[in-house]
**Student:** 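Quick one: this structure, given as structure tokens, is what I'll be asking you about.
Numbers here simply count residues along the sequence, with the first being 1.
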Amino acid sequence: MLTASQIARALGVTKGRVYRALSRPYPLPYINSPYPVRPGGQERLYSISVLLPRLKEVFAPEPELISALFREGGPNV
């Protein structure tokens, strides 16, 4: 599961561009993190299987950027 911050860091874009890509033309399914990192807010967690088609369509990432997504997600991607 990846957050928008992790996706932005892996692709080298802003978090706003990531949220825009994940919400248009329809929002992708996500779950809220059970334990927020910062008090008062929860982050959206996206599955890599749902993310990849949309990210390929919007950002056209190269293979090393896709590898960076898997490194950001850790072993539980």
Side-chain angles (χ1 to χ4, degrees):
M1 302 297 274
L2 291 166
T3 65
S5 299
Q6 291 172 323
I7 297 165
R9 190 173 33 244
L11 296 179
V13 296
T14 63
K15 197 163 59 167
R17 284 191 65 196
V18 170
Y19 275 126
R20 193 174 315 117
L22 299 180
S23 64
R24 292 185 184 155
Y26 58 89
L28 293 179
Y30 64 90
I31 61 171
N32 286 327
S33 63
Y35 304 105
V37 175
R38 286 179 241 129
Q42 291 183 335
E43 290 188 305
R44 296 177 178 180
L45 297 173
Y46 296 93
S47 172
I48 193 89
S49 62
V50 173
L51 285 174
L52 276 180
R54 181 72 61 91
L55 294 178
K56 285 182 178 179
E57 177 185 325
V58 175
F59 295 110
E62 297 175 2
E64 59 269 3
L65 293 178
I66 294 173
S67 298
L69 282 172
F70 282 96
R71 282 193 303 272
E72 283 289 331
N76 296 327
V77 177

**Student:** On a heavy-atom basis, which atom in S49 and which in P53 lie closest, and how many Å separate them?
**Tutor:**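 Heavy-atom minimum between the residues: O-CD, 3.5 Å.
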
**Student:** Mind checking side-chain contact (heavy atoms from CB on, under 4.5 Å) for I31 and listing every partner two or more places apart, or none if nothing turns up?
**Tutor:**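 Residues passing side-chain contact (heavy atoms from CB on, under 4.5 Å) with I31: M1, L45.
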
**Student:** Please, which pairs that meet ring-ring contact (aromatic ring centres under 6.0 Å, His included) have at least one residue in residues 47-68, sequence neighbours excluded?
**Tutor:**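 Applying ring-ring contact (aromatic ring centres under 6.0 Å, His included) to every pair that reaches into residues 47-68, excluding sequence neighbours, yields nothing.
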
**Student:** As a test of understanding, state which of V58, V18, I7 forms a side chain to side chain contact (heavy atoms under 4.5 Å, CB included) with V13.
**Tutor:**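 Considering V58, V18, I7, a side chain to side chain contact (heavy atoms under 4.5 Å, CB included) with V13 is found only for V18.
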
**Student:** For residues 22-30, run the donor-acceptor check on the side chains, cut-off 3.5 Å, and write out each pair with its distance to 0.1 Å, sequence neighbours left out.
**Tutor:**
from : atom 1 : to  : atom 2 : distance (Å)
S23  : OG     : Y19 : O      : 3.0
S23  : OG     : R20 : O      : 3.4

**Student:** Should the heavy atoms of other residues, nucleotides or ligands under 6.0 Å from CZ of R17 be counted, would the total exceed 12?
**Tutor:**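 Atom CZ in R17 is not crowded, with 12 or fewer foreign heavy atoms closer than 6.0 Å.
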
**Student:** Supply the atom-to-atom distance I66 CD1 to L55 CG, rounded to the nearest 0.5 angstrom.
**Tutor:**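 These two atoms lie 8.5 Å from each other.
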
**Student:** Any chance the side chains of T3 and S5 put a donor and an acceptor closer than 3.5 Å?
**Tutor:**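 There is no such pair between these side chains.
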
**Student:** Shortest non-hydrogen contact from E72 to A10?
**Tutor:**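 Nearest pair, atom of E72 first, then A10: CG-CB, 3.8 Å.
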
**Student:** So, taking the atom named CG in L65 and the one named CG in L69, what distance separates them when rounded to the nearest 0.5 Å?
**Tutor:**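 Result: 7.5 Å between the selected atoms.
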
